[in-house]
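Structure record follows, encoded as structure tokens.
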Number of protein chains: 2
Amino acid sequence: MKKPEEQFLDYLARKRLKNTSQRMTILKAFLRQKSHLSTEDFYLQLRKKHPGIGYATVHRTLKLFSECGIASERNFGDGQMRFEVNLGNEHHDHLVCTDCGRIIEFEDQQIEKLQRDIAHKHNFFIKDHRLELYGLCSDCHATGQQSVS
Amino acid sequence: MKKPEEQFLDYLARKRLKNTSQRMTILKAFLRQKSHLSTEDFYLQLRKKHPGIGYATVHRTLKLFSECGIASERNFGDGQMRFEVNLGNEHHDHLVCTDCGRIIEFEDQQIEKLQRDIAHKHNFFIKDHRLELYGLCSDCHATGQQSVS
DNA sequence: CACGATATTGAAAACGGTTTTCAACCTATA
DNA sequence: TATAGGTTGAAAACCGTTTTCAATATCGTG
């Protein structure tokens, strides 16, 4: 498994794209954050340290990350695109707290297996999948109190 | 289990909302279609027979369906909101063909069970979930040919 | 049945996030 | 270092969703 930096540089070379300071800055910041930030949030975060980098560049660079395989686009249905670092090998899914926004990752080989079975039954070739459980995380339902808004 | 029409009328009464001809027209059209149409597509479809009904009304009425429980909002990550009729009782998930757009429904009690197990392990209270498998349906990968576009 | 309070409608505008445009500016290569 | 061609940031365009608003329809009441 190649390191993300290499993977990105290789991709740039292969596509005859250029290695710019902005792209490197964004790459470093992206690898450092381990959360599931929306483009907007990531941009705001980045802007604190690097006010010169524009939103368009951030957006374009995140898409490059996705294209070269070091990131995945996620969409939790809140109208914002999110990018997450592709760490390992294993696919993982998400628990999304609808109260505080916390996102918990999990993986389950049994579920993955059942998904393959279903695809097979329908003669369907799976390219990707997503599984998200929406609800209240331990912090938000523990005490019985819920947001009243 | 109440019939969808009743369920909707009850909801209107309960909320002191009014029973208008547009709402009834949209309800009938919505129950007739069994697909997973986007608001846009549903509106275009409806407009053929009922040119007088505006997009805003369609949109607002579909949201009412969702609120009163006879419809569910779906989001397959293509930037369009989709509504589907809530037929029965059982939750179901989707196979989405990325080539022809076909959507196949399925349900699997084992997967549902595993999801509950995972939620329990994380002390997470599930309100909703979604599982989508993206790939090629039997028609689109059977012959080995893929869209070239 | 007619009235009047209030909800609803359709068109257009506003909105919010994403994507494109474009002129100025870099980067890589020779 | 010259140059061709990719990149940048700001602003505008875009696209689906949501709101606004004046005109209209509905429903409970007198």
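Computed from a predicted structure; not experimentally measured. Just so we're on the same page: letters track the sequence lines, and every chain starts at 1.
When the side-chain nitrogen and oxygen atoms of B:Thr20 are compared with OP1 and OP2 of C:dT9, one or more of them lie within a distance under 4.0 Å. Contact check, B:Arg23 against C:dT8: a side-chain N or O comes under 4.0 Å of OP1 or OP2. At the phosphate of C:dT19, OP1 or OP2 sits under 4.0 Å from a side-chain N or O atom of A:His59. Considering only side-chain N and O atoms, B:Gln80 lies nowhere under 4.0 angstrom from the phosphate OP1 or OP2 of D:dC15. Distances shorter than 4.0 Å separate some side-chain N or O of B:Gln22 from OP1 or OP2 on C:dG10.
Between B:Asp78 atom CG and C:dT18 atom C1' there is a gap of 14 Å when expressed in whole angstrom units. The interatomic distance linking A:Tyr11 (OH) with D:dG6 (P) rounds to 14 Å, in whole Å. Between A:Leu37 atom CG and C:dG17 atom P the separation is 15 Å, expressed in whole Å. The CZ-P distance, from A:Arg47 to D:dG9, rounds to 13 Å in whole Å. Atom CD in B:Glu40 sits about 14 Å away from atom C1' in D:dC14, given to the nearest Å. For B:Lys15 and C:dT6, the NZ to P distance is 18 Å, given to the nearest whole Å. Protein atom CG of B:Asp41 is 10 Å distant from nucleotide atom P of D:dT17, rounded to whole Å. Here the P atom of nucleotide C:dG10 and the CZ atom of B:Arg60 are 8 Å apart, to the nearest Å.
Residue A:Lys63 is in sugar-phosphate contact alone, with no base atom involved, counting any heavy-atom pair closer than 4.0 Å across all strands shown.
In this structure, the nucleotide among C:dT9, C:dA28, C:dT19 sitting nearest to the side chain of A:Asn19 is C:dA28. If you check C:dA7, D:dT8, C:dT19 against the side chain of A:Thr57, the one that comes closest is D:dT8. Looking at the side chain of A:Met81, the nearest of the listed nucleotides C:dT20, C:dT19, C:dA11 is C:dT19. The side chain of B:Tyr55 has D:dT17 as its nearest neighbour among D:dT17, C:dT19, C:dG10.
If you look at B:His129 and A:Tyr134, their ring centroids are not closer than 6.0 Å. Two rings, from B:Phe65 and B:Phe83, have their centers 6.0 Å or more apart.
Ionic pairing of A:Lys121 and A:Asp117 is not present here: no N-O contact between side-chain nitrogen and carboxylate oxygen is shorter than 4.0 angstrom.
Side-chain N/O atoms of B:His92 and B:Glu84 include a donor and acceptor closer than 3.5 Å.
For a distance-only test at 3.5 Å, the side chain of B:Arg16 fails to qualify as a donor-acceptor partner of the base of C:dT8.
Hydrophobic clustering places A:Ile111 together with A:Phe124 (ILVMFWY residues linked when any side-chain heavy atoms are closer than 4.5 Å, directly or through intermediates).
When the nearest nucleotides of DNA chain C are assigned to B:Lys18 and B:Gly52 by heavy-atom distance, the more 5′-ward of the two goes with B:Lys18.
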